[in-house]
Structure formats: C-alpha cells, structure tokens
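No hydrogens, no waters, no symmetry mates; every other heavy atom, side chains included, goes into these values.
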Amino acid sequence: MEQKESSKLNWIIGAGIVGADIGTSVFYGTGILFPIVGYLAPVFVLTTCLMMWLFKKTYEEGLALSPYNGGAYSMILRTIGRRFAVVAGALTFVSYLATAAVSALSGAKYFGSLPIFSGDLPTGLIVLMSFVPIILFGLLNTKGIEEPAKLVTGIAGFHFFLLIIMEIWGLFYIGFNYESLDWEKFQKLTPSGEFNLTMLIYGFSAAFLGITGFESAAQIVEELEQPTLNTVRRLYKTVITLVSITAPVISILCLVILSSEEIPLSLDYLLSALAKKIGGPVLVVVIVIDATLTLFAAVNTAFVGFIGLATTMAKQGNLPSILLYRVAHKYPNVKGYPMIAIPFALVACTMSALVAGEVEVVAKVYEIAFLGVMVSFCVGVVLMRNKAFRRNIPKKFLTQTKLIIGKRMIPVVPLFSGLVLGTATLTLILNAHADALLMLTVLFGSTLLAMAYFRWGVLETRLETRSDLRLGLGAFADVADLPEDLPKYVLCTGGTGARRLINNALKSILSERSDPFELIIFHAEDGKDPEGFFFELLQRVVSQQIAPIYRDSFILTVKILPGSLSEGLQTLKKGINFQTLLFGSGRDPKASQALGEEIASELEIDVIYLSQT
C-alpha cells in the first residue's frame with residue numbers, strides 16, 4: 001500500500017504539469033492583446049491572474065464534490081447524464097488535440113527565430129520539428145505519466161526562474177535608462193485612441209488564452225498524492241502565484257522598454273525582442289531556447305489530460321475498452337496506456353502537419369474549446385451542490401455564500417466563474433474568424449460523431465434484447481402480472497458463487513422484513529465472456545436452485561445490461577427506483593468495499609456488504 005501511495009504525483013509535479021501550459025502565456029499573451037487594447041494589455045493580464053484565484057476555488061469545490069478523473073466530463077455525467085457528458089468529453093478532446101498541435105508548432109517556430117537562422121524556417125522543417133515533442137512525449141507517456149511529468153516540471157521551474165531574473169533585469173534597465181525611454185507613446189493607450197465596453201469585453205475574453213490548461217489537474221485527480229484536495233490546492237496556488245508575479249510584469253516591461261515602432265513588428269516574439277533590447281544576442285538565445293522547451297513541455301500537458309479523460313471514458317464504455325490495454329505484466333517499465341498515448345501522438349502529428357500554416361486559427365479553436373470545457377465544469381459544480389453529498393465530504397472546500405431560489409441552492413463562486421467564462425466564450429465565438437469556427441465545428445463534430453458511432457455499435461451488438469427473467473414466489477407464484485411497486489433490492493453478481501451469494505442476500509433481507517419485496521440479480525456484461533453466458537447461468541441458478549427452496553412472498557428478477565458495473569448500474573437506476581445495493585465481499589474484501597463506496601457515492605444509494613461464506 002505504501003508503494004502505491006509513493007507512486008502518486010505530489011503537488012510539485014502536479015504544478016509542473018499545469019504550469020508548463022499556463023506558463024507559456026507570456027510568450028503570446030501581450031502580443032494577442034496589443035492590437036485589441038493597446039498599452040492597456042498588462043491590466044487585462046493582471047485581471048486574468050486575479051480571476052484564476054476564483055477559478056481555483058471553483059475547481060477545488062468541484063473536486064471535493066466529485067474526486068474522480070475526467071474533469072468536466074465526470075461532473076456533467078454525474079449531474080445531467082451520459083449524452084451531455086459525451087459532448088463535454090468531445091470538446092475536451094478537441095482542446096487537448098489543439099493544445100498539442102499549437103504548442104509543438106509554436107515551439108518549432110520560436111526555435112526558428114534564433115539569430116543563427118537568416119529568416120523563418122521553411123514550413124516543412126517546422127512541421128518536422130513539431131513532431132519531435134509529440135513523438136517524445138507519446139513514447140514517454142507509455143511508461144506512465146510520472147516520468148515525463150518530472151521532466152516537464154524541471155522545464156517549468158527553469159522557465160519561471162528565468163522570468164523572475166528577466167523582471168529584475170528589466171526593472172534595473174528602466175531605472176538606468178528612464179530618460180531615454182519613449183513615454184509619449186502612452187498618450188494613446190489603445191490602437192484607436194478610444195475605450196469602450198465592446199473593447200473591454202473582447203480584450204478581457206482574449207486574455208483568457210493565458211489560462212488554457214487549468215482543467216488538466218481535474219483529469220488526473222485520482223493520480224495525485226493523498227490527501228488529494230490539499231495537493232490540488234497547493235499545486236493551483238503555486239501555479240497561480242508564479243503566473244501572477246511574472247506575466248503582468250513581463251507585459252509591462254515589453255510595452256515600456258520596446259519602442260512604438262518595435263512593438264507592432266515583434267508581436268509574435270515580444271519576449272525575444274525584450275531580451276534583445278536589454279541583454280543582447282546572448283539573452284535572446286537563452287529566451288528562445290526557454291520558449292521552445294516550455295512550449296514543447298505544454299505538449300505533455302495535452303497528453304496527461306487526454307490520457308486521464310480517455311481512460312475514464314473507456315472504463316465507462318464511452319470509448320473502446322482496448323484503450324485500457326496495458327503491457328506492464330510483460331514489460332514492467334511500460335506502466336502507462338500505450339493504446340492511448342501512441343494513437344494520440346499519431347493524430348496530433350497529423351493535425352500538426354495539416355494546420356502548420358494556420359497556427360493562429362488553431363490557437364483560437366484551442367482557446368474557445370478550453371473555455372467551453374471550463375464552463376461545463378462550472379455548470380457541473382452548481383448542479384452537484386443540489387445533489388446529496390457524499391459521506392465525509394470535506395465541506396471546508398465548498399462555497400459558503402449561496403443564492404437560494406425556491407428549492408435550489410446556487411453557490412456564488414462557481415456561478416460567477418461560469419458566467420464570466422461563458423461570456424468570454426461567447427465573445428470569442430462572435431469575434432472569431434470564419435476559418436476558426438469552421439475548424440472548431442469540423443473537429444468537434446467529427447469527434448462527437450466518432451464517439452456516437454462507437455456507442456451506437458456497442459448498443460447494437462451488446463444491448464440486452466432478451467426478456468428479463470421474473471419469478472414470483474409464495475403469494476406471487478401463480479400471479480400473471482407481477483407487481484412493479486414492491487421495495488427493490490439489487491444484488492451484484494459475477495456468476496461465480498452466485499447460488500451462495502443469492503441465498504445470503506435473501507437471508508439478509510428476510511431477517512429485516514416480512515413484507516413482500518423484489519430482489520434484482522444484476523450482472524454487467526462487459527464483453528469478457530461470451531454474450532448471454534451469465535444470463536443463462538443465472539437463469540438456471542435462480543429457477544432451479546433458488547426458487548424451489550423458498551416459500552416466502554417475493555419476486556426474483558435476473559437483469560443483464562452491457563458495459564462496466566458502474567455504467568450498468570447507472571443505466572439500471574434510470575429505469576428502476578432502488579435505494580439499496582447488495583454487494584459480495586469477494587476474494588478481496590477491501591477492494592470490494594472501496595468499489596462499493598465509489599458506486600454508493602455515484603448513485604447516492606445505500607450499500608450492504610454480504611459475506612461469501
């Protein structure tokens with residue numbers, strides 16, 4: 001058990017994963033904002049940093065309510081349902097795919113800005129260079145997410161250290177060159193010389209490109225060191241603090257030190273231009289190498305988030321179970337999910353090659369998709385607060401300020417976060433170029449259709465079409481139409497030791513009540529055994545071995561549904577109102593109890609553990 005805990009990711013590694021993506025905002029944030037809000041860009045960068053503290057509170061609350069991998073997908077699954085959860089999952093997939101492509105291409109382009117190159121590198125060479133981090137992190141993540149995360153944490157740590165050094169250097173530069181700097185340029189703060197509400201909202205929305213990657217920690221919450229919520233709190237606090245003390249100051253330095261002629265010419269490489277101005281060619285080389293490594297490290301954030309979400313969706317039957325195939329039993333060093341990491345790398349490389357000339361368009365897709373995912377998470381948090389809480393939920397992470405509307409309770413922080421992010425998302429969509437909207441529609445639509453097609457195929461080939469076996473005993477033995485309104489119990493069984501388990505369940509129920517009830521003997525047909533095998537087995541056990549020995553009045557039902565146990569029970573709960581689940585202890589009572597507690601929290605039902613003896 002200690003070994004298992006030691007393999008969890010601590011808050012430093014978690015901060016490195018998230019910070020590697022958010023930390024890249026200094027390379028492009030001010031350059032994107034300047035054409036919109038001009039010299040007011042640092043104000044919008046600072047406002048975004050302040051808003052991140054609000055989002056931190058929202059994500060802590062969401063993960064306290066639902067401490068499972070999957071982020072927005074899991075929140076929507078547990079509140080609205082599977083259909084909308086798959087939509088959130090598809091949007092998250094698009095965001096991570098765009099992250100990998102944009103980060104890899106941007107890193108390659110930044111490397112091409114080194115002084116040793118006479119001009120921009122050819123597009124073909126940039127594409128080939130972008131393949132390097134994608135393939136590298138694809139291979140490293142087959143070993144598990146911990147090893148590449150350590151590498152990325154080192155890169156992120158060096159990046160923020162370098163930014164702090166540059167801040168100090170830049171402030172000294174301003175102090176020694178105050179008189180020679182062009183201060184008159186600030187007389188015209190915005191490009192148009194005007195300042196209105198439309199510009200304010202658009203600038204504020206565009207600034208949110210700097211928080212992409214915020215969702216990633218929620219995708220791997222189950223992989224974080226215990227106590228999980230403390231780890232989440234520390235990693236978010238670390239990342240937000242570092243970004244807050246670097247991004248606004250760097251933005252100010254760029255706009256103060258660079259001249260009004262240099263800024264428009266250097267929007268894509270403002271940090272490099274600043275380095276050249278205050279430190280010369282040597283500092284430029286250092287900054288370009290840092291930018292290349294940090295942008296490449298952001299590719300790993302996409303892998304980590306994608307792997308966390310894909311494994312969750314595959315376990316619940318919304319993606320092929322083959323994705324969960326692992327080879328650690330044959331190759332102990334390969335502890336990850338190669339069937340997820342390698343295909344994602346191939347798709348990301350393909351996308352990188354296809355969009356090499358449209359990086360700005362893909363960046364807009366990436367921003368809209370990520371903000372949409374964060375809006376979904378906020379909606380999920382608000383809805384989760386109106387459901388029954390898990391046992392022993394850490395209430396110190398929950399918002400105490402609430403709005404009461406009728407019987408609904410709305411936590412203020414997630415509500416405000418969702419409204420801000422929703423407004424930003426809508427603003428970006430309304431101001432996006434037609435090419436960006438077309439690419440978003442194609443990527444999101446094709447991903448969603450692929451998921452729907454897979455799910456359709458699963459239901460078509462595995463959906464249980466056999467009539468459920470329902471046997472009436474005692475007073476119900478000769479009743480043609482068995483009642484549907486009896487108290488219902490559900491017994492989970494895998495078929496092995498079914499007779500003994502059913503007998504134990506009946507003895508447990510009959511010891512507590514003498515009135516009629518219905519026991520539903522449930523099995524999740526996950527495709528590991530021939531279709532119909534357990535249905536026929538349970539039919540024989542119930543009709544031939546159980547029913548003849550009881551004279552009490554109750555109903556026995558055999559119910560088989562496709563998918564995992566959790567997935568099947570969620571489907572069953574939608575059609576049958578049951579409040580008690582009976583669970584066998586199995587060969588590993590601790591594992592059975594852990595699984596039972598997880599299902600109890602998901603379905604908000606009571607679980608009774610039965611002895612196998």
Side-chain angles (χ1 to χ4, degrees), residues 459 462-526 529-586 592 596 599-600 602-613:
L459 294 176
R462 295 172 56 201
L463 184 60
E464 182 57 58
T465 56
R466 297 177 293 272
S467 299
D468 299 332
L469 172 67
R470 294 191 82 212
L471 289 179
L473 279 68
F476 303 114
D478 299 320
V479 176
D481 295 322
L482 296 173
E484 300 286 349
D485 57 351
L486 297 179
K488 293 178 173 59
Y489 296 80
V490 173
L491 171 65
C492 295
T493 176
T496 305
R499 181 177 61 83
R500 183 169 59 250
L501 190 60
I502 296 170
N503 275 322
N504 288 343
L506 289 170
K507 290 176 183 178
S508 175
I509 299 170
L510 290 170
S511 68
E512 296 181 356
R513 66 188 313 153
S514 58
D515 57 320
F517 62 89
E518 181 174 356
L519 176 63
I520 301 169
I521 301 157
F522 174 76
H523 174 71
E525 198 172 61
D526 58 5
D529 298 285
E531 185 176 353
F533 172 80
F534 277 116
F535 180 74
E536 295 174 2
L537 172 65
L538 292 173
Q539 266 191 326
R540 289 196 300 270
V541 170
V542 169
S543 60
Q544 298 174 16
Q545 301 179 32
I546 301 296
I549 64 176
Y550 286 92
R551 296 293 178 264
D552 304 89
S553 298
F554 57 84
I555 297 173
L556 289 176
T557 298
V558 175
K559 184 71 176 179
I560 309 291
L561 286 175
S564 64
L565 178 61
S566 175
E567 178 188 12
L569 286 172
Q570 287 177 4
T571 303
L572 185 66
K573 189 74 164 61
K574 292 178 181 179
I576 299 176
N577 183 23
F578 66 92
Q579 297 300 323
T580 304
L581 183 70
L582 301 167
F583 221 71
S585 60
S592 297
I599 292 173
E602 287 184 5
L603 300 182
E604 300 171 10
I605 56 175
D606 295 323
V607 174
I608 297 175
Y609 299 96
L610 302 172
S611 172
Q612 292 288 82
T613 58

Is there a side-chain contact between [X] and [Y] in this structure, where contact means two heavy atoms from C-beta onward sitting under 4.5 Å apart?
X	Y	value
Thr580	Pro487	no
Ile502	Ile521	yes
Ile605	Val490	no
Leu582	Ile509	yes
Phe522	Leu538	no
Leu569	Cys492	yes

Point-to-point distance, once rounded to the nearest 0.5 Å, from [atom1] of [X] to [atom2] of [Y]:
X	Y	atom1	atom2	answer
Leu501	Leu506	CG	CG	10.0 Å
Ile555	Leu473	CD1	CG	9.5 Å
Phe578	Leu572	CZ	CG	5.0 Å
Gln570	Leu565	CD	CG	10.0 Å
Leu469	Ile560	CG	CD1	10.0 Å
Leu610	Phe583	CG	CZ	10.5 Å

Under the 3.5 angstrom rule, does the side chain of His523 hit a backbone N or O of Thr493 as a donor-acceptor pair?
->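 Such a contact is found between His523 side chain and Thr493 backbone.
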
Work out which heavy atom in Glu518 is nearest to a heavy atom in Leu486; give both atom names and the distance.
->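 Closest approach of Glu518 to Leu486: N-CB, 4.2 Å.
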
Over 60° means perpendicular and under 30° means parallel, so classify the ring planes of Phe517 and Phe554, tilted if in between.
->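 Ring orientation of Phe554 relative to Phe517: parallel.
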
